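Following: one structure in structure tokens, then a few remarks.
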Number of protein chains: 4
Amino acid sequence: MIIQLKEGVTEQEKAAIISKLKSAKYKATEVKTQCCNYLIGIGKSEFDIRTVGHMPGIKDLHRVSDDFKLVSRKWKVNPSVVDLGDGLQIKQGNFAIMAGPCSIEDETQIQKTIDHLKANDIRIMRGGVFKPRSSPYSFRGLGIDGLKLFYRMCRENGIKIITEVMQVSQIAPMLDYVDIFQVGARNTQNFNLLDELGKVDKPVMIKRGISGTIDELLYSAEYVFSGGNEKLILCERGIRTYETASRNTLDLNAVPILKDKTHLPVIVDPSHGIGIREYIEPMALAAVMAGADGIIYETHEKPEEAASDGAQTLNFAESERLVKKLRAAYALREQLG
Amino acid sequence: MIIQLKEGVTEQEKAAIISKLKSAKYKATEVKTQCCNYLIGIGKSEFDIRTVGHMPGIKDLHRVSDDFKLVSRKWKVNPSVVDLGDGLQIKQGNFAIMAGPCSIEDETQIQKTIDHLKANDIRIMRGGVFKPRSSPYSFRGLGIDGLKLFYRMCRENGIKIITEVMQVSQIAPMLDYVDIFQVGARNTQNFNLLDELGKVDKPVMIKRGISGTIDELLYSAEYVFSGGNEKLILCERGIRTYETASRNTLDLNAVPILKDKTHLPVIVDPSHGIGIREYIEPMALAAVMAGADGIIYETHEKPEEAASDGAQTLNFAESERLVKKLRAAYALREQLG
Amino acid sequence: MIIQLKEGVTEQEKAAIISKLKSAKYKATEVKTQCCNYLIGIGKSEFDIRTVGHMPGIKDLHRVSDDFKLVSRKWKVNPSVVDLGDGLQIKQGNFAIMAGPCSIEDETQIQKTIDHLKANDIRIMRGGVFKPRSSPYSFRGLGIDGLKLFYRMCRENGIKIITEVMQVSQIAPMLDYVDIFQVGARNTQNFNLLDELGKVDKPVMIKRGISGTIDELLYSAEYVFSGGNEKLILCERGIRTYETASRNTLDLNAVPILKDKTHLPVIVDPSHGIGIREYIEPMALAAVMAGADGIIYETHEKPEEAASDGAQTLNFAESERLVKKLRAAYALREQLG
Amino acid sequence: MIIQLKEGVTEQEKAAIISKLKSAKYKATEVKTQCCNYLIGIGKSEFDIRTVGHMPGIKDLHRVSDDFKLVSRKWKVNPSVVDLGDGLQIKQGNFAIMAGPCSIEDETQIQKTIDHLKANDIRIMRGGVFKPRSSPYSFRGLGIDGLKLFYRMCRENGIKIITEVMQVSQIAPMLDYVDIFQVGARNTQNFNLLDELGKVDKPVMIKRGISGTIDELLYSAEYVFSGGNEKLILCERGIRTYETASRNTLDLNAVPILKDKTHLPVIVDPSHGIGIREYIEPMALAAVMAGADGIIYETHEKPEEAASDGAQTLNFAESERLVKKLRAAYALREQLG
């Protein structure tokens, strides 16, 4: 059960509600986010919510049968809006496009990418400075200095940035140089990281785990939300299956299912999803029709020379063509209703 | 290597080519289909195809590095056309729509479905009369008499039918009452069935196995083609993964990959693919943008009363809405190029 | 619900029971096997079995909550015994060893294998004459003539044979030359084949499907049993997962689970299961401790020259060592209880 | 390539070797562990190792074709020994048994478990104080105070402890109260955590990822080893597959494969592996025969009252029976050779 408390609720009122819940063997967890104050009640017995509903301090009360609560659409029917400032919002009813290289390499690369994005009216740039790599001997990214350069250049050009955070100790130094924190597929169940991102007042995009279920993704989002951060975005990026013809199996089924289960916006990453350059475009377009609220993909001036992920990275000409088609597909989707 | 023989090639010419292949330790398999006569040469050593290319009786010769040969696009770049007669073709550049109930139930059900199809300009009806069921105690379909009724009624209304064949002994009795034989996901590697369907002059649609790889689907098609039947259609229908939020995981990645690997048309079955009624529409639309040459889905006047698969079956209103959107999406895809 | 009928039950008695079931909206399916006569009652409502239990003609009656019935251990607690004649039985409390080549090649190969088996007191030889192959251009086995030779030579040496049947039309010609019919992993859900094997009075070993669930394997066994054939053996042979370090993932978890769910004997095939020669032995020994009732594996005088599956085939020295260890492990398991 | 440097190698000698590697376009990474000093050379070109082998400062040099290097058995053929002190070693040739509850709950529980372990001559106790949980509302463990209590009580009784570390910031406070750090399945690719554990002089056991490949597990171990910590143990704990009859699919195939690929000891966790209490014993015994160097399992005085994981936890009577059988099975394995 989710109890949304009134603004200005007193400690006494809160205590009374918690005590009422306890008497019904419900455990109450208090959640304070950027905008609201909630009590999450969890218990097994039947419970007549009317016995609580009238208590002072309560603005709203919902029974939520899902095991995840605050991210469930059973509670919040209206889609969430994640505001990036400067008139930029990630939400249902917009179509967000995020593009950029796998890894940030140097000033020239950043500038060329920014130019490409601006020419195509793309307002969010992706790019990794901390890179999770299977092998310890691979390139692990430019680190915090690279991030500062990346951020400064984007800022000067009116571009927002999304970049991966890999561990708790990176959050504080990154905080001022990030518009969206990305939690990568290997960290979807890094619960300490999620806990800490719950304390931050910056949007967080959580990628589905490498073999994560849809419900596990929602639970991970619940960690951040119940930690205090409502600014959440989910991302489908392909799952691991027996099929070897593609790098991963982009699971577009997750899109309508997530849109049904949660009020959070859902982004699709076709680059990691299928992992083969020639097939990014059809999968990205398919994602639009499946109901995605946006796309994140990899692009680089010269994919064959990229520091990482070249085999799934579009060059700028391909990227430009994709963006045009994405917008046309999205326009059609909106029109069809 | 695929050697396409000239019309009127003599036995002597053929023998000479085969002998030449043998001398290079290549095994030659002769294939006669409805339209052509081929020699498939398989061997491991390097082979200078120019030493054979000039021999009399040869129309064309291609090296094919894939392990499947006749279904490979490395040999035949132009997409195949499967002609159903009466101006109806399944091919790239068309968009085939096949709809109907999971199981054929009775005359009323058939008539109502036909009326629905005609009202929406759908020219191919699906419907099972032999049903593969996990449990021996479940409804197994109306059998051959049901098929005759189904076929007669469709014929009178200018509708083509596609229906599943489960075993070799059903082929002969079904032959005159079927427009497209469907090989179901449990029979994708029923090689005897594929062998026999190779001898038939009727289109065959092969569904991907329940956990079949893309390459295995192509090998299964190679069985039918090398058995003599070029009239082949492939169908993606969802694979088995760890995810339980959907019945199967519709693998749309298979669409651009198959379109790249083979010249055969590719159909998508979103009904079995995701297996949940509310999500059929977005997945079907996504399939269009992924590059599918058509869609097959389940519809029934009253899904909740259907003899099987009700939970993934659209009612006629949903079906009508879907068809309109499919055509709009396909029109956009063609326009975007 | 399973109703075992008395020997000599009259048609009238049976009709009365069926009518009673119908009045409770239970569908009754009559099953006659080699030894018994059953009525399987399937329905959704609650049903007081005491209202039927006293009726004449009933020997025994069990409620079975599983969806599979006759193969469930909820009905038949005592393990089944599959008798091969000549004092040879496959059952819990024995440990069956079946060995031989993937494919039967020629007389010399058969004789050498027989000599090896006899020297190691192995009484069942495996060997395929009909081979399911992914590619139509691969070797497909010696066929029925090979089977006759194989059977005659084994018979003369007191060896029983197990070999794969791929389609319905092969059953009749194979019948007199087979001791155990094997249903391969690609045919686990070939329901027509299972139906027909239900009518045969020969043991049938069903392999788990390539990505078949444990329950699907039990359903497939239910097909054969309810078709009339109780002489059933199950076989775990590896499933398809994302892991590529082994050919398949031998799922030994299936052994204790199957032993718990069904009264049928459970055999393990480590050769296909892990698919790499060096690892067959540890997996076979592990299978013993997991509770398997026997092992089937591939052996060949010269694996590197075998017509198929050489990479997962033991040579005779390895086979001899394995058999000794298997027996020691089994002795320990029996002793530990 | 792995170059083991001599004790007392000079900076000058090292520089000369690195420069030689660079001239062949090999990147050199220096690794200092508790016992040795290595240079790892990574490059793509062919390289004649004799041109380096004679250089001063080099003790030993091996070409390693695997992508992981220091954990590969291609370099170090002899199995590694992880010494826990007090005569306790985890290694091939011993058989380690680690048992205890999922979560540490209180003093009584710890004491009862210790008594049980001592009565059965088990010298390593497992028990979580930091618990990764899918839902943020579940019990997350007693934390560092619980650990101190746990460690003190074990120490007084001559028991070593293994417990999970979830994040970098926990390492320092845990360091003095842990005998083996466990990296859980959700953190197998938490590379920052692995990096930091590389700097610690305590044994680390890494569990295979929830859907991790065998190679990924080895790469993760390479992180810790190349970070400076050779005291490594690997753990198979079940993978995610489509099968729902077991919680996970314990992949015993991984045992012989890992034993072949790496010199590190391999432990099996049947509790998480199959996840169903009744089947823990057969899977644990199977793991012995598959070649495991030890077993870790969950036991609790009253599993039904355990704070977590009760459904896969043995009671003490079951645990006692298991340990006896494990030792008998291991004795047989050693005897069979």
Side-chain angles (χ1 to χ4, degrees), chain A residues 208-209 211-218 238-261 268 270 273-276 278-292 321-322 324-333 335-337, chain B residues 208-209 211-218 238-261 268 270 273-276 278-292 321-322 324-333 335-337:
Chain A
R208 185 177 180 184
S211 287
T213 64
I214 289 170
D215 275 9
E216 284 172 347
L217 177 57
L218 291 168
I239 59 172
R240 188 166 273 177
T241 68
Y242 65 84
E243 179 62 71
T244 54
S246 49
R247 182 179 166 195
N248 290 301
T249 297
L250 183 65
D251 179 13
L252 290 182
N253 307 269
V255 178
I257 294 174
L258 281 171
K259 292 296 295 175
D260 196 29
K261 288 194 169 197
V268 169
I274 190 164
I276 302 166
E278 302 89 288
Y279 309 136
I280 308 290
E281 181 184 297
M283 295 314 286
L285 293 172
V288 176
M289 299 314 281
R321 194 180 64 178
L322 173 60
K324 290 212 174 88
K325 291 190 178 185
L326 283 174
R327 288 180 177 136
Y330 179 68
L332 177 68
R333 189 183 94 195
Q335 177 199 321
L336 292 175
Chain B
R208 186 175 179 186
S211 289
T213 64
I214 290 171
D215 275 8
E216 284 172 347
L217 177 57
L218 291 167
I239 60 171
R240 187 167 273 177
T241 69
Y242 64 84
E243 178 61 72
T244 54
S246 50
R247 183 177 165 195
N248 291 300
T249 297
L250 184 65
D251 179 12
L252 290 181
N253 307 270
V255 178
I257 295 174
L258 281 170
K259 292 297 296 175
D260 196 27
K261 287 195 169 197
V268 169
I274 189 164
I276 301 167
E278 302 87 290
Y279 309 136
I280 308 290
E281 182 185 297
M283 295 314 287
L285 293 172
V288 176
M289 299 314 281
R321 195 179 65 180
L322 174 60
K324 290 211 173 87
K325 291 191 178 185
L326 283 174
R327 288 184 176 134
Y330 180 67
L332 177 68
R333 190 182 95 195
Q335 177 198 320
L336 293 174

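These numbers come from a predicted model, not from an experiment. A, B, ... follow the sequence lines: proteins, then strands. Residue 1 opens every chain.
Looking at B:Thr241, only its side chain comes within 4.5 Å of chain A, counting heavy atoms on both sides. Of the atoms belonging to A:Leu332, it is side-chain heavy atoms, and not backbone ones, that fall under 4.5 Å from chain B. Interface residue A:Arg240: only backbone heavy atoms are found under 4.5 Å from chain B. The parts of A:Thr249 that come within reach of chain B are both its backbone and its side chain, each placing non-hydrogen atoms under 4.5 angstrom from that chain. For A:Thr244, no part sits under 4.5 Å from any heavy atom of chain B, backbone or side chain.
For the atom pair CG (B:Asn253) and CG (A:Asn248), the distance works out to 9.0 Å, reported to the nearest 0.5 Å.
With sequence neighbours excluded, no residue satisfies side-chain hydrogen bond (donor to acceptor under 3.5 Å, both in side chains) with B:Tyr242. B:Glu243 pairs by the salt bridge (Lys or Arg N to Asp or Glu O under 4.0 Å) definition with A:Arg208, not counting sequence neighbours.
A donor-acceptor pair under 3.5 Å links the side-chain atoms of B:Arg333 to the main chain of B:Ala292, judged by distance alone. Judged by distance alone, with hydrogens and angles left aside, the side-chain atoms of A:Lys324 form no donor-acceptor pair with the main-chain N or O of B:Leu336 at under 3.5 Å.
Chosen from A:Ile239, A:Ile276, A:Asp251, the residue pairing most often with chain B at heavy-atom distances under 4.5 Å is A:Ile239. Between chain A and the residues B:Ile257, B:Leu285, B:Leu252, the largest count of heavy-atom pairs under 4.5 Å involves B:Ile257. With chain A as partner, the option from B:Ala284, B:Gly212, B:Ser246 having the largest number of non-hydrogen pairs under 4.5 angstrom is B:Gly212. If you tally non-hydrogen atom pairs under 4.5 Å between each of A:Ala328, A:Gly291, A:Ser211 and chain B, the highest count goes to A:Ser211.
Residues B:Ala245 and A:Ile214 approach most closely at CB-CD1, 4.0 Å, considering heavy atoms. Of all the heavy atoms in B:Ala329 and A:Met289, the pair that sits closest is CB-CE, 4.2 Å.
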